[in-house]
Every structure is written in structure tokens, then in C-alpha cells.
There are 2 protein chains.
Amino acid sequence: MRRDNISMAVIRRMPKYYRYLDELHQNGVDKISSRALAEQMGLTASQIRQDFNCFGGFGQQGYGYHVETLRNEIASIIGIDRKHNAIILGVGNIGRALIRNFQFSQCGFSLLAAFDADAAMAGDVINKVPVLHIDELERFCKENRVEIAILTIPSKYAQTMAAKLTELGIKGLWNFTNVELKVCEDVIVEDVHFSDSMMTLCYRISEE
Amino acid sequence: MRRDNISMAVIRRMPKYYRYLDELHQNGVDKISSRALAEQMGLTASQIRQDFNCFGGFGQQGYGYHVETLRNEIASIIGIDRKHNAIILGVGNIGRALIRNFQFSQCGFSLLAAFDADAAMAGDVINKVPVLHIDELERFCKENRVEIAILTIPSKYAQTMAAKLTELGIKGLWNFTNVELKVCEDVIVEDVHFSDSMMTLCYRISEE
DNA sequence: TTGCCTCTGTTAAGTTTTTCACAGCACAAA
DNA sequence: TTTGTGCTGTGAAAAACTTAACAGAGGCAA
């Protein structure tokens, strides 16, 4: 399974494949052809075969793809079959929403703790996740192998916090602030820019 | 200003341009060259010039771009200088987070009302936005020119609700559920798939 | 077993997107 | 005014990405 030089375009389709295959599997579907999957997903069969081939190809000629096998292969490619430790910074509305509702384990993560600058929250437990004061961040990161941090703090603190987390050896940041973070290049930043998404929608509904 | 056949790749960069230009403007910067902007944004100067040229080109040879003018042109292209009426469906954690924190007006929208199936919430007002019972949706849409709906409801209701909203003449859906919505093609769906984003991060931190 | 049909992996063609290169305008300095 | 530098708009080249096409493997029925 060669996973070098895989283009971002392909990578960003993998979670979607996973989602569809997982649903098919749960509906008891055993096998599926690239054509059938393409139709459901709104892609072309060629693209699907091409995509899977980036990782070696998991189908069988004349048969198609075995849904469960393919799903598991994709899970393994993405890495969600392993557990990566995560922490969340900022227990405001969005932070709380993620802690309560987001299925971290289904995305390969384990949410170890939440941090907030508000001392009044320290000691709380939300959805089994302990809330700690931000002053404990450094100690916590040193004691636990934290791989990613989720930024749901106010924008003005984002860059400073990103720098601190970089120092503490974090590998990835899931950034919900509307700030473009500058970090050294071995730290991965995945942005969730609500406003960009909303503005795109704004443009698209205005077209005729 | 020709805005037909603009590729999605270009469109998705426009909000980012807007963000940077707005910040430059607020910092008192008057003019900027494509090269300087490229450096800040992590793009190439060529791409920036190419992008702006899709809409006619707003710069001046030998000078560069006038920040405020360019920002306003982009705002007008995206459509955030107009006001589009929006409603939000589902006042759970994410819904509440958006109502409280998201700057709708800065993205060209005006959030008229929130809807929830929980009758106990009806009559509440969150951040000046009235919460109505879902039964009032139809009446409300008929009385107000609602252009987009934000889906922050449980996934299992998403498809049904999308169909209903389509009937009511909605133009766009901002979809926070992890369901792939099937709607007729003149309705625009803009997905915010947290899990796709998180899985992509998962993949990327695993690479070496 | 044979023959037919389906479907993948893979190479090639086509399309889109990005980058390069440069003519020519604008401003500043002399 | 003239000269030089900086910068855009634009057409062409390069790269990336998607779609098409097809050989051949495998299933299935007779």
C-alpha cells in the first residue's frame, strides 16, 4: 500500500467513501461495484477506481468490491482504526457542542480533556471529559501523548496558543477560529472556517 | 463584471481574499501588490491576478490593488453586501453556538428566527433571535422571504426537513448534519462535515 | 467445460487549474 | 521630460486532476 504522493483531492474524498461504505455495510450490503457506488455518491466510476488504486486497489475483477473489507481498508488508510489523543481548548458554545455531540472515537480520536481560562469551570466534567484550567495545559501535555488540539477559543488568543501547542509537540490543530494560523510546517492545520463556507453559499445562491 | 463559468476553485478562495483584505484595510493599509498579498496568504502572485481577472481585474499596472476598493468589489461579488434572510432549524448545542457566536451579518445574512421541535423552547429569545416551534415553519416561510436554512437538527430528520424546505422555496441549505442531502438541483447545499474534516486531519498527522 | 457478461486495474486522452513569462502602464526620481 | 523600476493583465506552458477506453480476470449459467 503506497501512500506517498497521494493528492489532497483524493484524500479529501476518503472520508466520504468511508461514510458511504459504512452505511452500506450497516444496511447489510455485501458487495458493490464502482458504478453503483458512483451513482449513489454522485461521482464517476472511473474516479472511484482511480482513487482506490492510489492505495493498491481493493476490488476483484468481475465481482466488485467487498463492502466490509473496503471500508476497513479505508479506515486503516485514514488512520481512524487507531486512537489519537486529542484535547480541546476553549469550552464556549462551540467547544461544548463538540464535547457533547461529536463522535471523536469514530474519527480515530480520543478526547482526553478540555481546557478553559475560566477557573470556575475547572473540575467540571462534560460528557465524561474533564475540564481543566488552562494553566495545567503544559503539565498535561507532558504527561500524556497528545497528538492534536482543537481550537475553539476566541480568535485573539488563537495564534499565541497555536505557538504554545507547537512547542509542546502537538502534531495537528483543528482550528475553529477564523484566524489563519502561522505554524512551522511539520504541524498540520485543518481549518473549519464557518464564515468561508457561509460566504460561498452566499455567492452560490446569488447566481442565476 | 463577467461572473459566468467561474470555477469552484476560484469561488472558494474569494472569502479568504475578503478576510485578508478586510484585515489589511482595518490595519490602515491602502494598497497592496499581488506579490505581497500572495506572500501573506501562502498563494502565488500569478494565481491572485488570475483569480481577480475572472471578474474583470481591479488592479492598476505599476501600482497594485487599492485595498478598500478591492475588498468592496469582492464583497459585492460574493454578495455579502446584500442581506439574505436565513433561519436556523434545531436549537441544540451547535445551533445555539451559531446563534450566539456567528457573525451572520458579516457573511451577508440576517438570521430571522430559530425553530425547534421542543415546545418548551418556543418563545425564548437567544441573542435577539426568536425561537419558534417547528409547526410555525411553513407560515413563517410564507410570510418572510427566507432564502437559506441552516440545518443543525439530528441527522435522522435532515432529509425530510430538506425536502420540506425545498417545497417552501428555499434557495440554499447550510448543512451541519452528517447526511448527504438529496435535493433538486436548483437548491444549493453547502456542507459543513466536521467528521470529514477531522478524518482528513487524522490522515495527515499519520503521514511521515 | 465453455461462453458470455460484469467489473477491475491501468494506460491514455481530455479537461481544469496553476504557474510562467512578458508587454505595457504608472509612478518616482533625476 | 526622461529613465528606471514595479506591477498588472493576459496568453501560453506546465501540472494536476478527471474521464474515457479497454485488456483481461472472475463469476455464473448451461
Side-chain angles (χ1 to χ4, degrees), chain A residues 1-17 20-21 24 29-74 77 200 203-204, chain B residues 1-17 20-21 24 29-74 77 200 203-204:
Chain A
M1 187 196 305
R2 55 203 137 93
R3 55 183 300 170
D4 45 331
N5 290 64
I6 308 291
S7 79
M8 246 323 182
V10 176
I11 304 300
R12 295 221 172 262
R13 278 191 293 270
M14 299 311 279
K16 190 168 170 183
Y17 288 131
Y20 271 88
L21 289 165
L24 285 168
V29 179
D30 264 358
K31 70 163 197 171
I32 193 156
S33 69
S34 57
R35 188 151 49 84
L37 187 58
E39 196 162 332
Q40 284 190 40
M41 294 184 64
L43 304 173
T44 66
S46 257
Q47 181 163 66
I48 289 178
R49 294 203 297 277
Q50 200 75 269
D51 282 353
F52 293 163
N53 245 99
C54 292
F55 302 98
F58 310 107
Q60 203 167 24
Q61 290 176 335
Y63 175 83
Y65 298 88
H66 185 252
V67 172
E68 190 177 2
T69 308
L70 183 55
R71 186 202 59 167
N72 293 345
E73 287 288 353
I74 291 176
I77 289 165
T200 306
Y203 176 91
R204 297 211 286 156
Chain B
M1 187 197 305
R2 54 204 138 93
R3 55 183 299 169
D4 45 332
N5 290 62
I6 307 293
S7 79
M8 247 323 182
V10 176
I11 304 300
R12 296 224 171 261
R13 278 192 293 271
M14 299 311 280
K16 191 167 170 183
Y17 288 132
Y20 272 88
L21 289 164
L24 285 168
V29 179
D30 263 358
K31 69 162 199 172
I32 193 158
S33 70
S34 58
R35 187 151 50 84
L37 187 57
E39 197 163 329
Q40 284 190 40
M41 294 184 62
L43 304 173
T44 67
S46 260
Q47 182 163 66
I48 289 178
R49 293 203 297 278
Q50 203 72 268
D51 282 353
F52 293 164
N53 246 99
C54 293
F55 302 99
F58 310 108
Q60 204 167 24
Q61 290 177 335
Y63 175 83
Y65 297 89
H66 185 253
V67 171
E68 190 178 2
T69 307
L70 183 55
R71 186 201 61 166
N72 293 344
E73 287 288 352
I74 291 176
I77 289 165
T200 306
Y203 176 90
R204 297 210 286 156

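Below, chain A is the first sequence line, B the second, and so on; all start at residue 1.
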>> Under 4.0 Å, heavy atoms only, any strand: does B/F52 hit a base, just the sugar-phosphate, or nothing?
In response: nothing

> Do the side-chain N or O atoms of B/R49 get closer than 4.0 angstrom to the phosphate oxygens (OP1, OP2) of C/dC22?
Replying inline: no

> Think A/S7 has a side-chain N or O under 4.0 angstrom from the OP1 or OP2 of D/dA16?
Replying inline: no

>> If the condition is side chain to side chain donor-acceptor pair (under 3.5 Å), which residues does B/S33 pass it with, not counting sequence neighbours?
In response: none

>> Checking A/R12 now: which residues fulfil salt bridge (charged side-chain N to carboxylate O under 4.0 Å, His left out) with it, not counting sequence neighbours?
In response: A/E190

Whole-Å distance separating the [atom1] atom of [X] from the [atom2] atom of [N]:
| X | N | atom1 | atom2 | answer |
| --- | --- | --- | --- | --- |
| B/M8 | D/dA16 | CE | P | 23 Å |
| B/Y65 | D/dG6 | OH | C1' | 13 Å |
| B/I6 | C/dT16 | CD1 | P | 14 Å |
| B/R12 | C/dT17 | CZ | P | 13 Å |
| A/N53 | C/dC7 | CG | P | 17 Å |
| A/L70 | C/dT8 | CG | P | 10 Å |
| A/D51 | D/dT18 | CG | C1' | 10 Å |
| B/F55 | D/dT8 | CZ | P | 18 Å |

> Tell me, for nucleotides 25-30 of chain C in 5' to 3' order, what letter each nucleotide earns: B for a base near a protein heavy atom under 4.0 Å, S for only sugar-phosphate near one, - for neither?
Replying inline: BS----

>> Check whether B/Y65 forms a cation-pi arrangement with B/K31 (NZ or CZ under 6.0 Å from the six-membered ring centre, at most 45° off the ring normal).
In response: no

Table please: side-chain donor-acceptor pairs of residues 36-51 of chain B below 3.5 Å, with sequence neighbours left out.
residue	atom	partner	partner atom	Å
B/T44	OG1	B/Q47	N	3.2
B/R49	NH1	B/S34	OG	3.0
B/D51	OD1	B/R13	NH2	3.0
B/D51	OD2	B/R13	NE	2.6
B/D51	OD2	B/R13	NH2	3.4
B/D51	OD2	B/Y17	OH	2.6

> Could you walk me through whether B/F55 and B/I74 pass the side-chain contact (heavy atoms from CB on, under 4.5 Å) check?
Replying inline: CA-CA 9 Å; B/F55 302 99; B/I74 291 176; over 6 Å; no

>> Working note: A/I6 + B/Y203, criterion side-chain contact (heavy atoms from CB on, under 4.5 Å); need CA distance, chi angles, decisive distance, verdict.
In response: CA-CA 11 Å; A/I6 308 291; B/Y203 176 90; 3.8 Å; yes

>> Could you report the tightest heavy-atom contact between A/V67 and A/L24, atom names first, then the distance?
In response: CG1-CB, 4.0 Å

> Of A/V10 and A/K31, whose closest DNA chain D nucleotide lies nearer the 5' terminus?
Replying inline: A/V10

>> Quick one, B/F58 and B/I77 - any side-chain contact, counting heavy atoms below 4.5 Å?
In response: yes

> When you measure from every atom of DNA chain D, which of residues 32-45 of chain A have a heavy atom less than 4.0 Å away?
Replying inline: A/T44

> Under the 3.5 Å rule, do the base of D/dT19 and the side chain of A/Q50 count as making a donor-acceptor pair?
Replying inline: yes

>> With salt bridge (charged side-chain N to carboxylate O under 4.0 Å, His left out) as the rule and sequence neighbours excluded, what pairs involving residues 55-70 of chain B come up?
In response: none

